[in-house]
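To keep things clear, I will list the structure first and then write my remarks on it.
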Protein chains: 2
Amino acid sequence: MYKFEFISADIQEKILQGFYPVGRLLPSENDLAKHYGVSRETIRKAQKRLEDTGFIQKQQGKGAIVLDFARFSFPISGLTSYKELQESKQFQTATRVLMNKQIPAPDFLVGEDGVEAGEPFIYLIRSREMAGETVIIDHDYLRVSVIPDGVPDAIAEVSIYQYFEQELNLQISFANKEIVAKLADDIDQKEMSIGPDEYIIQVNSHVYLEDATFFQYTSSHHRIDKFRFEEFARRTTH
Amino acid sequence: MYKFEFISADIQEKILQGFYPVGRLLPSENDLAKHYGVSRETIRKAQKRLEDTGFIQKQQGKGAIVLDFARFSFPISGLTSYKELQESKQFQTATRVLMNKQIPAPDFLVGEDGVEAGEPFIYLIRSREMAGETVIIDHDYLRVSVIPDGVPDAIAEVSIYQYFEQELNLQISFANKEIVAKLADDIDQKEMSIGPDEYIIQVNSHVYLEDATFFQYTSSHHRIDKFRFEEFARRTTH
DNA sequence: GGCGATTTGTACGTATGTATT
DNA sequence: GAATACATACGTACAAATCGC
């Protein structure tokens with residue numbers, strides 16, 4: 001762990017515990033540099049991350065104001081997975097694997113980062129239950145060239161991301177997400193007990209590894225009355 | 001304009017024009033530093049912005065790969081306004097002001113960053129038409145203490161953000177956004193010709209200025225079949 | 001309003017570590 | 001193993017914004 005990462009995590013922890021209260025200023029960069037025994041640049045790097053994630057707002061000549069967004073924000077706004085989400089929210093949840101088989105690349109993925117027609121993918125369908133009701137149906141398409149052994153059902157029921165990152169040592173890095181409303185398909189209707197003329201919310205993501213290779217496409221179908229997405233956003237000017 | 005801002009904008013432009021093709025590497029940091037006549041740190045600062053916005057992906061020991069996300073992504077994912085959105089998309093659009101009056105602070109805003117009961121707000125309701133159909137209803141609550149003169153109707157029909165930033169010299173900095181589905185209210189039903197049991201998508205935002213003062217609350221009601229949200233997201237580890 | 005003191009922002013140069021080819 | 005390229009870290013200097021006197 002780098003110094004700036006440790007310092008960033010440390011300050012974040014102190015904000016969450018109220019040691020640095022919301023609405024107040026952090027100590028100055030020079031004071032923090034002295035306190036941690038590092039250079040000012042290292043403090044600035046640590047603070048940059050806190051600024052990006054909504055923990056602080058910096059203002060030239062004044063200081064770093066503590067905000068209170070990150071503590072409420074849904075991790076879904078990042079790339080964080082369902083499993084991490086439910087852990088952080090303490091809901092009663094269950095996952096059922098509805099399908100887990102190898103298929104040729106679906107048409108809408110052919111051409112994406114060199115995906116060829118017929119290239120093998122793992123097609124995984126899972127239902128997510130909260131308090132006894134199915135509220136999400138996940139469709140995952142995973143590139144076999146990256147995970148030759150597929151995904152064991154036992155893993156699919158827990159967290160595929162943890163498996164990829166810790167067991168397979170894959171670095172999941174970024175994604176392009178789209179949120180749209182669609183009419184419920186057959187699986188949605190059956191699993192979530194809704195009609196064919198009712199809408200669900202789809203969150204579609206293209207997921208990439210650290211070296212920018214395409215790895216996974218996911219389509220999450222959310223029951224419309226249970227869907228919520230929250231994010232902290234900064235205005236980009238240039 | 002700072003050096004790193006100029007360089008960031010310059011490289012971005014060259015990516016968009018295909019001078020740096022998607023999937024290829026940018027020149028090395030040292031080469032770029034020589035080319036622009038700046039230090040390597042300045043190049044890295046410029047590249048950091050391009051990485052945050054989805055233009056490039058950096059990899060240690062290898063280089064900076066050009067991505068193709070930013071060119072497609074909806075500006076709505078930042079704080080960019082409706083007017084900027086329609087300009088960038090070239091749709092046939094129109095805005096109608098349905099309401100523009102001063103009201104006491106609504107209950108759900110009292111307590112937010114020191115908002116007191118009875119504190120005056122401007123309540124603005126606008127309908128957005130595309131190709132002759134109303135597809136969005138915007139409800140804006142603007143803090144009168146920040147904009148004492150309110151918003152002229154002529155401005156409200158174009159872009160309030162441009163007015164705030166250029167005329168009033170306000171620095172809009174960040175927002176907390178929430179996306180949920182709700183049943184259409186009376187105004188939604190009337191303006192978008194939909195029934196009381198149909199859903200709309202609400203994008204609710206708390207908007208803040210550079211000094212972290214709360215400035216505006218907006219609730220955007222989108223016709224469900226016209227709604228789309230897209231964003232580029234990086235995985236945050238710690 | 002002006003003038004310092006403080007604080008953050010930018011820029012540079014150097015050194016060292018680490019990943020990739 | 002060598003060369004290349006990115007990542008971190010430090011120290012310095014100056015610019016720009018804020019605040020209190």
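Numbered from 1 within each chain, the chains take letters A, B, ... in sequence-line order.
- Relative orientation of the B/Phe227 and B/His222 rings is perpendicular, given thresholds of 30° and 60° on the angle between their planes.
- The nearest whole Å value for the distance from the CD atom in A/Gln47 to the P atom in D/dT8 is 16 Å.
- Pairs engaging residues 100-113 of chain B under the salt bridge (charged side-chain N to carboxylate O under 4.0 Å, His left out) rule: B/Asp113-B/Arg143 [sequence neighbours left out].
- The distance between atom NZ of B/Lys48 and atom C1' of D/dC6, rounded to the nearest whole Å, is 14 Å.
- If you take CG of A/Leu25 and C1' of D/dT18, they are 11 Å apart, rounded to a whole angstrom.
- At the phosphate of D/dC6, neither OP1 nor OP2 sits under 4.0 Å from any side-chain N or O atom of B/Gln59.
- Atom CD1 in B/Ile56 sits roughly 15 Å away from atom P in D/dA5 (whole-Å rounding).
- Distance B/Lys34 NZ to C/dG13 P: 13 Å, rounded to the nearest Å.
- The aromatic rings of B/Phe121 and B/Phe214 sit tilted relative to each other, their planes meeting at an angle between 30° and 60°.
- An OP1 or OP2 oxygen of D/dC19 is reached within less than 4.0 angstrom by a side-chain nitrogen or oxygen of A/Lys62.
- Between A/Glu210 and A/Asp31, the residue whose closest nucleotide on DNA chain C is further toward the 5' end is A/Asp31.
- Between the P atom of C/dT10 and the CZ atom of A/Arg44 lies a distance of 7 Å, rounded to the nearest Å.
- In this structure, CZ in A/Phe108 is found 8.0 Å from NE2 in A/His206, a value given to the nearest 0.5 Å.
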- Item | Test ring-ring contact (aromatic ring centres under 6.0 Å, His included) applied to B/Tyr141 and B/Tyr123, step by step | CA-CA 5 Å; B/Tyr141 301 81; B/Tyr123 184 24; 4.5 Å; yes
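- More than 12 heavy atoms of other residues, nucleotides or ligands shown are found within 6.0 angstrom of NZ on B/Lys14.
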- Note on the structure: Nucleotide by nucleotide, nucleotides 9-15 of chain D touches protein heavy atoms under 4.0 Å in the pattern (B base, S sugar-phosphate only, - none) SB--B--
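- Paired with A/Phe55 under the rule side-chain contact (heavy atoms from CB on, under 4.5 Å), one option of A/Val22, A/Ile11, A/Leu16 passes, and it is A/Leu16.
- Atom CD in B/Glu51 sits roughly 12 Å away from atom P in D/dC6 (whole-Å rounding).
- For B/Lys58, taking side-chain heavy atoms from C-beta onward, the closest of the listed nucleotides D/dC6, D/dC19, C/dT8 is D/dC6.
- For the pair B/Tyr36 OH and C/dA11 C1', the computed distance is 17 Å after rounding to whole Å.
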